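To keep things clear, I will list the structure first and then write my remarks on it.
Being a predicted model, the structure only gives us computed values, none of them experimental. Read the numbers this way: they start at 1 and go in the same order the structure lists the ligands and their atoms. The figures that follow rest on heavy atoms only: side chains count, while hydrogens, waters and symmetry mates do not.
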Amino acid sequence: MIGNYTFFAPQQIVFGWGRRREVGALASTLGRRVWLLSGSRTLERQGHVAALAEELRAKGLEVHTASAPAREPEVADVDALTNDWRARGAAAGDCVVAIGGGSTLDLAKAAAAMVTNRRGDSVLDYLEGVGKGWTISEPPLPLLAMPTTAGTGSEATKNAVISSYDPPFKKSLRSDRMVPRIVLVDPELSVTVPRETTAYTGMDALTQLLESALTRRAAPIPQALCRQGLQLAWSALPRAVRNGGDREAREAMAHAALLSGMALANSGLGVAHGVAAALGVHHRVPHGLACAVMLPAALRINRFVREAELAEIAHLLLGRSWSSPAAAVDALLEAVDALCRDIGIPSRLRDLGVPREDLPRLVPSSHGNSLSGNPRELSDDELRTLLESLW
Ligand SMILES: [Fe+2]
């Protein structure tokens with residue numbers, strides 16, 4: 001049975017090696033003045049960002065540039081960028097072009113929304129769970145997103161994850177209106193991403209594909225996207241980590257990450273992402289690394305309520321049959337452990353610098369939109385036991 005569903009996705013997806021040069025023609029359909037946000041110092045040094053600005057100007061667009069800080073975006077970062085853009089005259093009719101990893105795209109999405117939604121003076125008031133419950137009522141500046149890492153899938157989602165360390169939280173600014181209008185994925189931009197970042201961001205994409213495939217909000221189109229994304233990422237991720245110049249692997253990972261974004265935006269996630277938010281805010285563990293460490297445990301804790309689905313994924317990824325669904329799931333869990341070891345993912349929370357006495361405070365911070373999608377409802381006691389077992 002298919003049932004009812006609603007599906008959101010970017011209006012236009014442009015994918016391909018070297019296609020960044022089409023940015024001018026694409027952006028000119030969104031506005032005459034461009035607020036260009038770049039998050040990669042490497043791409044800036046190599047001249048890619050200047051070339052991008054040139055492509056935009058060559059199409060007659062007025063370009064204003066800004067650099068995103070090299071961290072997951074904080075409330076103060078969004079407020080500062082919004083104020084900067086407003087002070088320089090940003091207004092409805094303009095557009096935003098963002099090039100960078102998930103943090104940069106999230107910062108751009110949030111500022112693009114805040115420029116046109118002028119109630120109050122901080123994005124904090126609009127954040128899920130911690131704000132004043134305000135919503136994005138005015139259309140954000142339309143966004144053209146150019147991801148440079150294959151991970152978060154932020155280029156295809158309707159939220160921006162915003163952190164605060166005092167008080168500590170990691171929450172989303174979310175609105176159906178925040179889905180980027182155009183996604184321009186040029187996998188060639190990812191060839192200079194370092195090995196460790198490739199591993200962490202790739203594991204984020206893989207975790208998103210697995211959690212979206214199993215979530216209690218699973219829906220038909222995301223399920224189909226997850227299947228293709230999982231098949232591609234499973235073999236491409238170790239190859240992209242070993243050899244960053246492997247074009248086929250980089251293309252497969254860029255596409256899988258994009259699919260993971262569309263899947264999670266429509267299906268939600270699970271406990272790995274729930275705890276990852278807590279690890280990010282309390283211990284500044286990079287998002288992809290936190291997801292990677294949590295993934296094996298997340299699969300194990302959900303295996304008995306998603307046995308058929310996990311067995312099917314085992315067949316899809318490992319290409320063989322087993323005597324029972326339970327045996328297939330065992331094989332999948334072993335293979336995920338082996339993949340994590342292969343690409344250098346630590347297996348214990350203590351390896352991430354989390355002191356054991358901090359585990360109890362991770363429990364309340366793990367609650368949120370991601371955890372609510374987990375197939376099994378987890379009590380705080382179960383969550384605490386899970387964290388203890390991983391320490
Ligand atoms: Fe993620």
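The aromatic rings of His273 and His287 lie tilted to each other, with the angle between the two planes from 30° to 60°.
Using a cut-off of 2.8 Å, one finds that Cys291 contributes no N/O/S atom close to the Fe ion (ligand 1). The distance from the Fe ion (ligand 1) to the nearest N/O/S atom of Gln208 is under 2.8 Å.
Asp204 contributes atom OD1 as its closest N/O/S atom to the Fe ion (ligand 1).
In this structure, Trp85 has its ring center no closer than 6.0 Å to that of His64.
The NE2 atom of His273 and the NE2 atom of His287 meet at the Fe ion (ligand 1) at an angle of about 100°, given to 10°.
Glu211 places a side-chain N or O within donor-acceptor distance of the main-chain N or O of Val271, the cut-off being under 3.5 Å.
Taking the charged nitrogens against the carboxylate oxygens, Arg284 and Glu72 have no contact shorter than 4.0 Å, which rules out a salt bridge.
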